[in-house]
Amino acid sequence: MDTVRVRFAPSPTGGLHLGGVRTVLYNYLFAKHHGGTFVLRIEDTDQKRFVAGAEDYIMNCLEWCGLLPDESPVKGGPFAPYRQSERKHYYYQYAQQLIDAGYAYYAFDTPEELEHMRSRFKTDANPVPQYDHLTRMDMRNSLSLSQEQVIELLGKGTPHVIRLRMPQNTVIKMKDLIRGEVEFDTSLVDDKVLLKADGMPTYHLAVVVDDYLMKITHAFRGEEWLPSAPVHLLLWKYLGWEKEMPQWAHLPLILKPDGHGKLSKRDGERLGFPVFAMDWCDPRTGEKTTGFKERGFLPEAFVNILAMLGWNSGTEQEIFSLQDLVEQFSIDRVHKGGAKFDYEKAKWFNQQWIFRKTNEELAVLVRPFIERKGAIAKLDYLEKVVALIKERCHLLTDFWEQGHFFFKAPEEIDLSAIAGKWNQSKTDFFNDWVQASSDIKSWDAAEIEQHFNEMATARGLKKGELMLPLRIMLVGGKYGPGVFDIAAMIGRSEMSARIQRVLQQLG
RNA sequence: GCCGCGUUGGUCAAGGGGUUAAGACGCCUCCCUUUCACGGAGGAAUCACGGGUUCGAAUCCCGUACGUGGUACCA
C-alpha cells in the first residue's frame, strides 16, 4: 500500500461538533496507526455560509484534543493551498474537461426556474422531483438547447452552472471499509451541480479533485455522505483517476440520547450538555455555545469518549490514551450502526481521567475553574485541596462545587440539617471548642480530631452528634471530605469564625 | 414518496451456527464510611418481528416493522 494519506475536510461555518471531532479522531488514528499523514483541508466553497473565525476555532479545537494535522492551511505542506477557496482554478479546469468529454453540461436555469420545475413535476408519488434524466430535457441547458443558443448564452455571460450528466440504468458498486459492498442505481441520482454560478465548485467536485490532487488514500466521512457516493465514484471514473481512488469508509452517526435523529447543538442546550469541542460564539448572532473544554472535560477523556462511540478494541479495555488508540485502532472494528450519546457515561470517562492525573497536574488544570469563581488559588494549596476532593469530581467544574469552602466561607448554610436536634449543650460545646482549639499545638487533622473527641467525651456528648454540625458550619452542607481535614486546611481562625457565625444564626 | 444504511438490556457494547449471551455506564440492595464520594459484594434488565436453511440460529437467507440518512447552485 502507498503511504497512507487521510484528510479531515470541515467547512468553516460554526462550532466543531462532537461528530466532527470523532471523524477527525478516526482519520488521525488510522493515519498514525499506519505511519501515514493527516491533512486538514478547509472546504470553504460556500461564500454564503462562511463564518469569520471558524477556521481558527477548528484549529484550536484540534490542538486542544491533541489531533494536530501534518498538513494544513496554517502549517502548509506539499499540496498547498489547503483552502478550497484558494484552489478555484483547479476545479474549473476539471469541470471543463468533463464538459469536453460529454460527462457534464452547462445549465442556465435560474433559481426560480428550478423552483418552477419542482412544483410542476411534483406528484404524490414523486414529491421531490429531481433535476435528472426525466426532467433535464425540459430545462434550459446545453443538452436541451441548440449549440447556437448555448454559444450565445455563454457569449453574453449568462449565469450558469455545470452539472454532471448522470447515466441511466447503471449500477454503481462500491466497497466501503465499514459496510462492505454497497450498490446504487444511477437512474435514481440527480444531475448534481459541479460548478456553481459564482465559479466555486460544489462539495462533489471539490472533494474528488482535491482528494486526487492531494493523493488521499483513504476517505472517511459521516454516513450522511453515503447517498452521494455514486456521484463521487463516477467523477473519479470520468476524470480518468479510477485507479487512484481512495478507499471509502462511511462512519456511523452520533445520535440524540433521547428521541430521534442526529445529535445537534440544540439537543445539548435542551438536555444540558455540550456538543461542541470548545466554546463557540457565533459572530453574526452573538450566540454562545458551551464546549466540552469549558464544561470541565479533559482532552484525554473527550478523545477517549469519542473513540468508544462507534469503535471498540474487542477487549474489555475502556480507558485508552491517544497513544493506546493509535496502536490499537482498526477501521474494521468500527460499528455500522449509529450510537446515542450518553452524557452520564461521558462524565464517568472524565472522572477516570481525573483519577489518572497527579495532584500537581490537577492543580494546574483546576486553577482556572477556581479563579473563574473569583477565588485565589495558590498551586501548593490547591494541590492539597485537589487530593482531598478529586474522587468526588466528574468534571473540572466540580472542584469548585465540591471544594469552594476551602477558599471562602460558605454562603449558604443548610441549617435544617442540624436545627432539629439542636440544644443548649451543643451551643456550649462549640463555644468552648472555639476557645479550647487554641491549645492545639500541631494544627493537623489527627490532632484536631483527638482534641475534639476528648472534649466531647468529657462533656458526655456523642462525637457523632457533633460532627455533622461541625461539617455544616465549615462546609455549609452534607458533603465534602473528612471534616477534620477541612478544619486543618482552612486553619484555626477561619474554623472559629465559621463556627461562631453559624452559632449566631442558630441562636 | 423514492433511494441508501442500520437494528444485542434504558445507554455504550462483546459475541458472527452449539455460550449460564461478556464487560462498562446508569438504576436498585447491602458492606465500608459518624457527611458526600471512592472502593467492595449482589440484583433487575437484552438478541425488533415473521418465515425459511440447519440436528441446532443472536449468529446464514428472505420478507416485514421500526429507526436513521439523503433526495439544494449546503457541506
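To find a chain, count down the sequence lines: A is the first, B the second, and so on, and within it residues start at 1. Just so you know, these numbers use all the heavy atoms, side chains as well, and skip hydrogens, waters and symmetry mates.
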Pairs under 3.5 Å (N/O, protein and nucleotides 5-8 of chain B):
unit_1	atom_1	unit_2	atom_2	d
B/rC5	O2'	A/Arg179	NH1	2.5
B/rC5	O2'	A/Glu223	OE2	3.0

- Salt bridge flag under 4.0 Å for residues A/Arg266 and A/Glu287: yes

Nearest-Å distance once atom C1' is located in both B/rG4 and B/rU46:
28 Å

Checklist entry - Which value, in whole Å, describes the distance between the P atoms of nucleotides B/rA21 and B/rA57? => result 14 Å

| field | Side-chain N or O of A/Lys262 closer than 4.0 Å to phosphate OP1/OP2 of B/rG70 | value | yes

Worksheet item: Between A/Asp190 and A/Lys192, is there a salt bridge with N-O shorter than 4.0 Å?
Response: yes

Check: Is there a donor-acceptor pair closer than 3.5 Å between any side-chain N or O of A/Arg136 and the backbone N or O of A/Leu143?
Finding: no

### NZ/NE/NH1/NH2 to OD/OE distance under 4.0 Å, A/Lys345 and A/Asp342
no

message = Counting C-beta onward and ignoring hydrogens, is there a side-chain heavy-atom pair between A/Phe484 and A/Leu470 closer than 4.5 Å?
response = yes

Residues at least two apart in sequence or cross-chain that pass ring pair (Phe, Tyr, Trp, His ring centres under 6.0 Å) with A/Tyr82, listed by chain then number, are none

Symbol by symbol from the 5' end, with Watson-Crick or G-U pairs under 3.5 Å, [ ] crossing and | another strand, RNA chain B is (((((((..(((.....[....))).(((((.......)))))....(((((..]....))))))))))))....

If you take the centroid of each ring, where Trp contributes its six-membered ring, are A/Phe292 and A/Phe302 closer together than 6.0 Å? yes

Enumerate the protein-to-nucleotides 62-66 of chain B contacts in which both atoms are nitrogen or oxygen and the separation is below 3.5 Å.
none

Across all chains, not counting sequence neighbours, the side-chain hydrogen bond (donor to acceptor under 3.5 Å, both in side chains) partners of A/His17 are none

For nucleotides B/rG10 and B/rC27, find the distance between their C1' atoms and express it as a whole number of Å.
9 Å

A/Phe349 atom CZ is separated from B/rA13 atom P, nearest whole Å, by 10 Å

Tested for ring pair (Phe, Tyr, Trp, His ring centres under 6.0 Å) against A/Phe329, the lone hit among A/Tyr26, A/Phe220, A/Phe320 is A/Tyr26

Could one point to a donor on the side chain of A/Lys345 or the base of B/rA24 with an acceptor on the other under 3.5 Å away? yes

Quick note, salt bridge (Lys or Arg N to Asp or Glu O under 4.0 Å) partners involving residues 452-478 of chain A, not counting sequence neighbours, are A/Lys426-A/Glu465, A/Asp432-A/Arg459, A/Glu449-A/Lys463

Between CG of A/Asn304 and P of B/rC12 the distance, given in whole Å, is 17 Å

Can you pull every protein N or O that's under 3.5 Å from an N or O on nucleotides 73-75 of chain B?
unit_1	atom_1	unit_2	atom_2	d
B/rC73	OP2	A/Arg163	NH2	3.2
B/rC73	O2	A/Ala197	N	2.8
B/rC73	N4	A/Asp109	O	2.8
B/rC74	OP2	A/Lys196	NZ	2.8
B/rC74	O2'	A/Asp46	OD2	3.3
B/rC74	O2'	A/Arg49	NE	3.1
B/rC74	O2'	A/Arg49	NH2	3.1
B/rA75	OP1	A/Thr45	OG1	2.8
B/rA75	OP1	A/Lys196	NZ	2.8
B/rA75	OP2	A/Tyr203	N	3.3
B/rA75	O4'	A/Arg49	NH2	3.4
B/rA75	O3'	A/Glu43	OE1	3.2
B/rA75	O2'	A/Ser11	OG	3.1

In short, ring pair (Phe, Tyr, Trp, His ring centres under 6.0 Å) pairs touching residues 156-183 of chain A with sequence neighbours left out are A/Tyr106-A/His160, A/Phe108-A/His160

Practice problem: Decide if the gap between the ring center of A/Tyr131 and the ring center of A/Phe121 is smaller than 6.0 angstrom. | Solution: no

d(A/Ile486 CD1, A/Met495 CE) to nearest 0.5 Å is 12.5 Å

Side-chain heavy atoms of A/Asp138 within contact of A/Met117, under 4.5 Å
no

(Q) Taking only the P atom of each, what is the distance from B/rG26 to B/rG69 in whole angstrom? (A) 28 Å

To the nearest 0.5 Å, atom CG of A/Leu388 lies from atom CD of A/Gln402 at 12.0 Å

Sorted by chain and number, sequence neighbours left out, side-chain hydrogen bond (donor to acceptor under 3.5 Å, both in side chains) with A/Arg270 holds for A/Asp258, A/Asp267

Side chain to side chain donor-acceptor pair (under 3.5 Å) pairs touching residues 195-212 of chain A, sequence neighbours excluded, are A/Arg7-A/Asp211, A/Arg41-A/Asp211, A/Gln84-A/Asp210, A/Arg87-A/Asp210, A/Tyr91-A/Asp210, A/Tyr203-A/Arg221

Discussion item. Between A/Glu55 and A/Arg83, does any NZ, NE, NH1 or NH2 come within less than 4.0 Å of an OD or OE carboxylate oxygen?
Written reply: yes

What's A/Arg333 touching, base or sugar-phosphate or nothing? Going by heavy atoms closer than 4.0 Å. sugar-phosphate

Grab the N/O contacts between the protein and nucleotides 46-49 of chain B below 3.5 Å, and write none if there aren't any.
none

Separation of B/rC3 atom C1' from A/Met166 atom CE, nearest Å, is 12 Å

- Message: Just N and O in the side chain of A/Asn312: are any of them under 4.0 Å from OP1 or OP2 of B/rA14?
- Response: yes

Could you write out each protein N or O paired with an N or O of nucleotides 31-40 of chain B at a distance under 3.5 Å?
unit_1	atom_1	unit_2	atom_2	d
B/rU34	N3	A/Gly464	N	3.1
B/rU34	O4	A/Gly464	N	3.1
B/rU35	O2'	A/Lys478	O	2.9
B/rU35	N1	A/Arg471	NE	3.3
B/rU35	O2	A/Arg471	NE	3.4
B/rU35	O2	A/Arg471	NH1	3.2
B/rU35	O2	A/Tyr479	N	3.2
B/rU35	O2	A/Tyr479	O	3.3
B/rU35	O2	A/Gly480	N	3.4
B/rU35	O2	A/Gly480	O	3.3
B/rU35	N3	A/Arg471	NH1	3.4
B/rU35	N3	A/Arg471	NH2	3.0
B/rU35	N3	A/Gly480	O	2.4
B/rU35	O4	A/Gly480	O	3.2
B/rC36	O4'	A/Lys478	O	3.1
B/rC36	O2	A/Arg392	NH1	2.0
B/rC36	N3	A/Arg392	NH1	2.5
B/rA37	O2'	A/Glu391	O	2.7
B/rA37	O2'	A/Arg392	N	3.4

- Query: How are the rings of A/His250 and A/Trp248 set relative to one another: parallel (under 30°), tilted (30 to 60°) or perpendicular (over 60°)?
  - Reply: parallel

Residue pair A/Thr315/A/Pro127 against RNA chain B: nearer the 5' end by closest nucleotide is A/Pro127

